[in-house]
Number of protein chains: 2
Amino acid sequence: MSSKQAKPQKPGKAASISDVARESGVSIFTVSAVVNNKSHVGKNLRERVEEAIRKLNYRPNLIARSLIKQKTQTIGMIVPDIVNPFFPMVVRGAEDAAQKQGYNLLLCNSDDSLAKEETAIELLLSKRVDGILLTKAAGEFSPSLRQMIKEMNIPFVLVMRTYPQLTKDAVISDDYQGAYEAVCHLARSGRRRIGLISGPLKISNAKERWRGFRKALEEKKLPYEPDLVVEGDYRIESGFRAGHALLSHRPDGIYVANHLMTIGLLKAVDEMGLKCPEDFGLVSFDDYPWLGVFRPRLTTVELPKHQLGSEAAELLIQRIGGNHGKPVLKKLLPELRIRESCGFAQFVSSEQRRASSPEPSTVSLANP
Amino acid sequence: MSSKQAKPQKPGKAASISDVARESGVSIFTVSAVVNNKSHVGKNLRERVEEAIRKLNYRPNLIARSLIKQKTQTIGMIVPDIVNPFFPMVVRGAEDAAQKQGYNLLLCNSDDSLAKEETAIELLLSKRVDGILLTKAAGEFSPSLRQMIKEMNIPFVLVMRTYPQLTKDAVISDDYQGAYEAVCHLARSGRRRIGLISGPLKISNAKERWRGFRKALEEKKLPYEPDLVVEGDYRIESGFRAGHALLSHRPDGIYVANHLMTIGLLKAVDEMGLKCPEDFGLVSFDDYPWLGVFRPRLTTVELPKHQLGSEAAELLIQRIGGNHGKPVLKKLLPELRIRESCGFAQFVSSEQRRASSPEPSTVSLANP
DNA sequence: GACGCGATTCAAAACGTTTAGGTCAACTCA
DNA sequence: TGAGTTGACCTAAACGTTTTGAATCGCGTC
């Protein structure tokens, strides 16, 4: 049939643009123009080229394109651990938003270790991702990494946790508010000695949740008892230990700063033969489908996980696109979902709350 | 200080190898040799180069390296939905293994849609990933995609689900065995009318679980009642609907083929005012930390999720490395974890079972 | 002094694109 | 007619690496 081309592309090797050019007897430029349908290409040439593309099953090599365009259409995303059920939805939100704008996600886990985080970032920078979505591990970057980030001039957007030394762009939940509402609800349901199982206070959102907790206590004129505050690490095991420590002091209310620690706590509760909500009221953070099966049904503060990811990705892509506006700190509103674990089904529907403040609070900070 | 270089790299732009070469007054080759510590570079030159690298904060551009080496050190991974709690651990396993060998993971969600899967694969191919880890959506690839895959000659490894038209390399769990054991356990605990909530039978593992179910019934001489078998789609909602349909026929045992559908089922159970294990025994697939909080404690068949991901990644990387040995189908053993949901705490410790077959079954198929 | 021979270093091609800066013919308009 | 203007198409440089084949050097050998 057709044995026209002098140097046919080898089998097991993708056709390149020059293969297509040779096959259709035009210049590389013309093929490129057809592929990106730029400038006007004559109808017959265009058809010849399209024919060749189909015949050779040609797809542009995005690596080469990245090299010349200095854009990879890839964003790096670093989360502490994709296995923590909080993050899949955030990642999914980011992926959905990224996908929609032609970006892909390179995923890394830091295990909340600064060292792993640094090597991940270095790798991502070497791979020339266009931007990075980061849920920062506790701790400060090394000077050389910081220097490199500055030189590369690549945008970061922080997710869930702030870290102003790196960038002011962040999409977080209003943790202060969420914790405040959680504790207020405990107070409203009659609890007076309220304990807290906190995340690592070096992490910004744990600190915020702690602040919200303090604020609510103060406002409700409840005592702050240091014995009733335990710092965990957001993992199950720490919730379990914290639970044992805390419950020995017999609080009548507990606010737990994340889901994993709640699981640990409930295990401790079980071991100690206590009952919720009879012995103590409980409000937890993050909501999940399987919570419907827990008994008692847990009252939780839900964070808009998907939205956290998608808005972060959208902001990042804007930055990549050259929007150098003021730094944006976007705080998304949490939602108190009242169920049974405080034993007091006061009806504050989430619709009501949403209605009173329909927009997520967006704060644009002046550059200090 | 030093204003030596003629064309210093612009600010906001990473130093390139030629910047380093200029700075240290050597050729590009020498820098490359130092960076990859290949061939012998004289001590003084080497030091000059290293000095310049540090000064300019140089890191090689992996895009350029990829272009010339025709390797990206990146593997694409396509899962149905990272939000399905089954997958994060699999992805994590893959990421850990990949990381260890210097590979990164480009993550895509297919939502079990063939169309999304195809566009994801096309994108990954264009990005020249070195290989793809795929949990196949139901359905057949289009001929053009299949052609392209063949031409590109890029290795695939299937995860959790087989699809022999694409490749025989797969890492899956022994679903037949898992389902078989689940149903046998139901039978042993005295259940006679056992129902099944199945995944989509077009998906290989759902089919296998169905087969295991049938086998156990047969072996235990239990009736197969079509009314007691409902096909879901592995999502919560379908488990809920299936639960309603199924429970109206009053089975005394149910085996559910995945966790999400179990959650749906339990919601239906609750609505119908039934009790487990009094009214029916239950065995579910997949185990999770939060199951410790469910009451009754669920008896489940746990799949080695992390291992599924890591072994798949390792196999894939072997293929990338040029190992063209016989196709490998690796079946990992599931583990029956007996708890309370069958109301019969017959003690078959998982240690015992593991002891009898210490190696995961590895089957090397002859090329047909 | 010519030769050979490692060891070290270099210049240039290659990877597959995009794109700036051309060429060339056809058309427009005075 | 001829200068100008368009439109279609092309050539070649560039992106930042790796790698091949060649150049240079020091030095011992005959």
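A, B, ... follow the sequence lines: proteins, then strands. Residue 1 opens every chain.
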Examine the side chains of [X] and [Y] and answer whether a donor and an acceptor come within less than 3.5 Å of each other.
X        : Y        : answer
A:Glu151 : A:Gln147 : yes
B:Asp130 : B:Thr72  : yes
A:Lys100 : A:Ser310 : no

What is the distance, rounded to the nearest whole Å, between atom [atom1] of [X] and atom [atom2] of [N]?
X       : N      : atom1 : atom2 : result
A:Lys69 : C:dT19 : NZ    : C1'   : 10 Å
A:Leu56 : C:dG16 : CG    : P     : 14 Å
B:Ile68 : D:dT20 : CD1   : C1'   : 11 Å
A:Asn61 : D:dC15 : CG    : C1'   : 13 Å
B:Asn44 : D:dG26 : CG    : P     : 13 Å
A:Leu67 : D:dT17 : CG    : P     : 9 Å
B:Ile63 : C:dT18 : CD1   : P     : 14 Å
A:Phe29 : D:dC10 : CZ    : P     : 8 Å

Would you tell me if any nitrogen or oxygen in the side chain of [X] comes within less than 4.0 Å of OP1 or OP2 on [N]?
X       : N      : result
A:Ser32 : C:dT18 : yes
B:Lys38 : D:dT18 : no
B:Gln70 : D:dT18 : no
B:His40 : C:dT8  : yes
A:Lys13 : C:dG16 : yes
B:Ser66 : C:dC15 : no

**Prompt:** Does the ring pair (Phe, Tyr, Trp, His ring centres under 6.0 Å) test come out yes or no for A:Phe141 and A:Tyr163, once each step is laid out?
**Reply:** CA-CA 10 Å; A:Phe141 283 149; A:Tyr163 177 55; 5.6 Å; yes

**Prompt:** Side chains of A:Ser66 and A:Arg128: closer than 4.5 Å at any heavy-atom pair?
**Reply:** no

**Message:** Within the structure provided, determine whether A:Arg146 and A:Ile149 are in side-chain contact (heavy-atom separation under 4.5 Å).
**Reply:** no

**Request:** Hey, which sits more toward the 5' end of DNA chain C by its nearest nucleotide, B:Ser27 or A:Asn36?
**Result:** B:Ser27

**Fill in**
The answer to which of B:Thr30 and B:Ala64 contacts DNA chain C further toward the 5' end, by nearest nucleotide, is B:Thr30

Measure from the side-chain N and O atoms of [X] to the backbone N and O of [Y], and report whether any donor-acceptor pair falls under 3.5 Å.
X        : Y        : answer
B:Glu117 : B:Ala137 : yes
A:Asp169 : A:Val328 : yes
B:Ser27  : B:Phe29  : yes

**Message:** Which is more 5' along DNA chain D, the nucleotide nearest B:Ser18 or the one nearest A:Lys43? Just name the residue.
**Reply:** A:Lys43

**Asked** Bend angle of the helix from C:dG1-D:dC30 to C:dA30-D:dT1 from five-pair axes at both ends, rounded to 10°?
**Response** 70°

**Asked** Which listed nucleotide (D:dC9, D:dT17, C:dG16) is nearest to the side chain of B:Ile17?
**Response** D:dT17

Listing time: all N or O pairs from protein to nucleotides 22-28 of chain C that are below 3.5 Å?
none

**Message:** Students often get this wrong, so: under 4.0 angstrom with heavy atoms, is A:Leu45 touching a base, only sugar-phosphate, or nothing?
**Reply:** sugar-phosphate

**Message:** Quick check on side chain to side chain contact (heavy atoms under 4.5 Å, CB included): which of B:Arg161, B:Lys116, B:Met160, B:Lys136 does B:Pro80 satisfy it with?
**Reply:** B:Arg161

